[in-house]
Amino acid sequence: MPAGFFMPELPEVETTRRGIEPAVAGRRVEKVIVREQRLRWPIPRELPHELPGRVFDQVGRRGKYLLLGTGDRSLIIHLGMSGRLSVVTEDLAPTRHDHLDILLAGGNRLRLNDPRRFGSVFWWAGDPLNHPRLAGLGPEPLSGHFTPQYLYTMARGRRAPVKAFLMDARVVVGAGNIYATEALFMAGIHPRRPAGRIALTRYAELHAALRAVLKDAITRGGTTLRDYVGADGRPGFFQLDLRAYGRTGEPCKRCGHTLRTERIGQRASVFCPRCQR
DNA sequence: AGTGCGGCCTGTCCGC
DNA sequence: TGCGGACAGGCCGCAC
């Protein structure tokens with residue numbers, strides 16, 4: 001993984017949300033500048049006409065979606081796999097891949113940079129949770145709706161590998177490749193094991209592991225937030241002691257066996273063949 | 001319904 | 001040194 005690369009999974013999105021909130025909440029939008037409309041889906045044409053004059057009254061998150069509420073309409077932003085949303089001062093000139101600027105009263109700008117353009121921006125009338133892309137999402141992993149029993153119940157009859165199951169946003173949001181890999185390692189579960197052939201007690205371990213690694217990354221990401229304006233907001237996983245992700249060929253921190261990589265569901269999956277069963 | 005996979009996109013790295 | 005190709009990733013949309 002290239003040094004300094006930002007990969008927005010749930011902790012990174014939550015860190016971004018906390019970072020921009022103080023500068024965005026209660027602010028009126030003065031202008032919208034779209035430099036590159038072609039993201040995963042085009043940035044809505046009407047945004048530059050309809051957003052200015054409105055006030056951001058909510059800065060929320062659902063899964064990996066940022067929800068910027070303005071009364072009865074919401075700006076919904078997904079960072080894809082290379083997107084960064086930051087608050088910059090008005091005099092900071094845009095650079096390559098700065099696709100969208102939202103000028104705020106008082107001088108700051110909310111700036112979206114996304115080299116790979118896998119991100120998306122929606123402009124939605126009504127409750128953002130009813131947006132078609134959000135309506136079918138599974139529970140938040142750090143909420144009380146996400147339980148071992150829930151995971152176990154959802155897995156009944158599923159023959160897909162547990163790693164694909166865990167990364168399915170309809171099952172639970174926020175488990176991207178990094179955190180799914182780490183959680184399965186911590187729980188000692190082989191990523192290829194069919195989801196429906198895992199006992200409730202083992203799902204309890206997976207549930208706890210996923211929550212722990214996400215919480216840890218959010219805490220660590222938060223430590224870089226002291227001055228988010230103009231700052232880099234380093235992703236939480238860069239400060240985590242990753243146990244499996246990115247360690248293929250290196251010794252397992254639990255048993256010493258060499259970690260290996262296999263492709264599971266089109267994704268590179270690192271695991272310990274000895275202690276993950 | 002569940003599952004698997006191609007496609008989107010660019011920066012980085014590897015081998016020749 | 002230059003260049004082609006593989007790879008990384010989330011997630012949609014399609015085919016079976």
Side-chain angles (χ1 to χ4, degrees), chain A residues 1-16 35-43 61-66 76-85 94-100 112-122 124 131-138 140-141 151-184 191-198 210 214 217 232 235-238 240 242 244-249 260-271:
Chain A
M1 182 165 47
F5 202 75
F6 188 77
M7 219 180 288
E9 297 206 30
L10 187 147
E12 287 70 38
V13 177
E14 176 60 21
T15 296
T16 298
R35 299 190 187 83
E36 173 55 84
Q37 192 181 20
R38 297 171 301 165
L39 303 187
R40 181 74 161 85
W41 285 279
I43 294 178
R61 178 189 60 77
R62 175 74 175 98
K64 297 177 189 171
Y65 291 90
L66 285 162
I76 304 174
I77 299 177
H78 195 292
L79 299 177
M81 61 165 296
S82 62
R84 315 178 69 135
L85 191 64
T95 59
R96 194 161 154 73
H97 306 308
D98 282 341
H99 307 313
L100 174 68
L112 178 66
N113 179 283
D114 186 2
R116 294 181 189 176
R117 296 197 272 117
F118 276 21
S120 48
V121 174
F122 303 123
W124 179 251
H131 188 281
R133 298 269 78 85
L134 280 73
L137 295 177
E140 289 289 325
L151 263 184
Y152 180 75
T153 301
M154 286 296 283
R156 293 311 85 205
R158 301 282 195 109
R159 287 177 297 179
V162 61
K163 180 150 178 284
F165 171 73
L166 193 62
M167 290 176 67
D168 184 343
R170 291 165 300 186
V171 173
V172 60
V173 298
N177 202 24
I178 295 170
Y179 296 106
T181 295
E182 290 299 296
L184 287 163
R192 208 181 282 284
R193 173 171 286 274
R197 295 191 49 238
I198 295 173
L210 179 62
L214 291 174
D232 242 9
F237 66 80
F238 265 133
L240 285 181
L242 293 176
Y245 185 88
R247 295 195 67 244
T248 189
R260 53 174 290 124
T261 292
E262 288 180 19
R263 291 193 79 77
I264 300 173
Q266 306 298 97
R267 292 286 167 261
S269 306
V270 187
F271 64 99

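Proteins come first, then strands; the chains are lettered A, B, ... in the order of their sequence lines, and each starts at number 1.
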* Asked: When the distance from CE of Met154(A) to C1' of dA1(B) is rounded to whole Å, what number comes out?
  -> 12 Å
* Over how many whole Å does the gap from Leu39(A) atom CG to dT10(B) atom P extend? -> 11 Å
* Structure fact -> Per the 3.5 Å Watson-Crick/G-U criterion and a run length of at least three, the stems involving DNA chain C are B:2-16 with C:2-16
* To do: Go through the structure and list residues passing salt bridge (charged side-chain N to carboxylate O under 4.0 Å, His left out) with Glu262(A), not counting sequence neighbours.
  => Arg192(A), Arg260(A)
* Which residues pass the ring-ring contact (aromatic ring centres under 6.0 Å, His included) test with Phe165(A), sequence neighbours left out? -> none
* To do: Could you check how far CZ of Arg170(A) sits from C1' of dA1(B), rounded to whole Å?
  => 9 Å
* Asked: Tell me: CD of Glu262(A) to C1' of dC7(C), nearest whole Å?
  -> 18 Å
* Asked: Under 4.0 angstrom, heavy atoms only, what part of the nucleic acid is Ala268(A) near: base, sugar-phosphate, or nothing?
  -> sugar-phosphate
* To do: Using whole Å, report how far CZ of Arg159(A) lies from C1' of dA1(B).
  => 11 Å
* To do: Return the set of residues passing side-chain hydrogen bond (donor to acceptor under 3.5 Å, both in side chains) with Arg247(A) (not counting sequence neighbours), or none when no residue passes.
  => Glu250(A)
* Asked: Parallel, tilted or perpendicular: which fits the ring planes of Phe122(A) and Trp41(A), with parallel below 30° and perpendicular above 60°?
  -> tilted
* Return the value, rounded to whole Å, for the distance between atom CZ of Arg96(A) and atom P of dT10(B). => 8 Å
* For Arg35(A), what residues pass the salt bridge (charged side-chain N to carboxylate O under 4.0 Å, His left out) criterion, not counting sequence neighbours? -> Asp101(A)
* Whole-Å distance separating the CZ atom of Arg156(A) from the C1' atom of dG2(B) -> 15 Å
* Asked: What distance do Arg40(A) atom CZ and Asp114(A) atom CG have between them, rounded to the nearest 0.5 Å?
  -> 12.0 Å
* Summarise how protein sits on nucleotides 10-16 of chain C as a single string, 5' to 3': B when a protein heavy atom is under 4.0 Å from the base, S for sugar-phosphate-only contact, - for no contact. => BBBS---
* **Sequence neighbours excluded - salt bridge (Lys or Arg N to Asp or Glu O under 4.0 Å) pairs with any residue from residues 160-181 of chain A** => Asp168(A)-Arg170(A)
* **side-chain hydrogen bond (donor to acceptor under 3.5 Å, both in side chains) partners for Arg62(A), two or more places apart** => Glu140(A)
* Asked: With a non-hydrogen cut-off below 4.0 angstrom, is Arg263(A) in contact with a base, only sugar-phosphate, or nothing?
  -> sugar-phosphate
* Any residue meeting salt bridge (charged side-chain N to carboxylate O under 4.0 Å, His left out) with Arg158(A), in chain and number order, not counting sequence neighbours -> none
* Any Arg158(A) side-chain nitrogen or oxygen under 4.0 Å from OP1 or OP2 of dT3(B) -> yes
* 5' priority, DNA chain B, between Arg117(A) and Gly265(A) [closest heavy atom] -> Gly265(A)
